[in-house]
Structure formats: C-alpha cells, structure tokens
Amino acid sequence: EEVHVRRYEMMVLITDRLDEEAAVATFDRAKQILADQGGTLLEDAWWGKRKLAYEIDKRDHGFYGVLDFEATAEAVWELERQLKISDDVTRFKTVRPEIRVRTA
C-alpha cells in the first residue's frame with residue numbers, strides 16, 4: 001500500500017489566557033504530535049502575541065505559530081483532532097501550499 005506524504009502549512013492560534021511560555025509549550029505539543037504521527041517538520045515560526053482581526057471568545061489577542069511540514073493525510077487528521085480538543089488552541093487552519101504553475 002502506497003503512503004502519500006504531502007506538504008502542509010498550519011497556522012495555530014493559541015489563547016492569550018496563557019502566558020507566552022505556556023503558549024509556546026502548547027505550540028511545542030503540536031510539533032510533538034506531528035512527530036509522533038511520523039510527520040516531518042520542515043520549518044516553524046513563532047509569531048508571538050498579535051491582535052486578532054476580530055474578537056473570538058471575547059478575546060482580541062492571541063498567540064500565533066506556523067508549522068510547515070510533510071505528513072500523511074492520517075497524520076494531519078490526528079494532529080487536527082488533538083488540537084480540536086485542546087482548550088488552549090482557539091483556532092487552526094491547515095492548507096496545502098499551492099503548486100506553482102508555469103505560464104506560457
């Protein structure tokens with residue numbers, strides 16, 4: 001059975017009810033879940049605390065982190081499942097980076 005590993009980017013928004021150290025620990029947990037699922041982290045970026053475009057759960061700030069990784073669809077599902085049940089993760093968004101198309 002062929003295993004399809006694809007590239008993904010995930011933005012993780014962590015509640016500002018945490019201090020920065022605890023927020024970073026939450027982001028690190030996401031990286032650990034990815035590793036546990038056999039994913040390969042290519043790059044990560046911690047953007048820190050930012051103002052939100054609009055209020056979410058009566059909060060107007062949150063901590064942002066971005067993961068750039070390669071994984072199977074199953075690994076992504078499991079990472080997303082665990083983030084969904086975390087009280088510290090406000091939102092996340094997973095995208096497949098667009099493949100650049102050459103134009104004639």
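Every heavy atom of this structure was used, including side-chain atoms; hydrogens, water molecules and symmetry mates were not.
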Hphob cluster co-occupancy, [X] + [Y], side-chain heavy atoms under 4.5 angstrom:
X	Y	value
Val66	Val89	no
Tyr54	Met11	yes
Leu18	Phe27	yes

Exceeds 12 heavy-atom contacts within 6.0 angstrom, atom CD of Glu21: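 No.
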Measuring from atom [atom1] of [X] to atom [atom2] of [Y], what distance do you get when rounded to the nearest 0.5 angstrom?
X	Y	atom1	atom2	result
Leu41	Glu70	CG	CD	10.5 Å
Arg81	Ile33	CZ	CD1	9.0 Å
Tyr64	Arg91	OH	CZ	10.0 Å

Is there a side-chain contact between [X] and [Y], using heavy atoms and a 4.5 Å cut-off?
X	Y	answer
Ile14	Thr90	no
Arg50	His61	no
Leu67	Lys31	yes
Lys51	Asp60	yes
Asp44	Asp68	no
Arg7	Leu42	yes
Leu83	Met10	yes
Lys49	Asp16	yes

Thr26 side-chain N/O to Ala22 backbone N/O, donor-acceptor pair under 3.5 Å: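 The answer is yes, because a donor-acceptor pair under 3.5 Å joins these two groups.
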Candidate pair Thr40 and Leu34, rule side-chain contact (heavy atoms from CB on, under 4.5 Å), full reasoning: CA-CA 7 Å; Thr40 304; Leu34 177 65; over 6 Å; no
If only side-chain N and O atoms count, and only distance matters, is there a donor-acceptor pair under 3.5 Å linking [Y] with [X]?
X	Y	result
Glu9	Thr94	no
Trp46	Glu20	yes
Gln32	Asp36	yes

Mutual orientation of the aromatic rings belonging to Tyr8 and Phe69 [parallel < 30°, tilted 30-60°, perpendicular > 60°]: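 Ring orientation, 0 to 90° scale: parallel.
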Smallest separation among heavy atoms of Gly62 and Leu52, with atom names: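 Closest heavy-atom pair between Gly62 and Leu52: N-CD2, 3.9 Å.
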Where Ala71 and Gly39 come nearest, the two heavy atoms and their spacing: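 Ala71 and Gly39 have their closest heavy atoms at CB-CA, 4.1 Å.
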Cationic N near anionic O, under 4.0 Å, Asp88 to Arg29: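 Salt bridge: yes.
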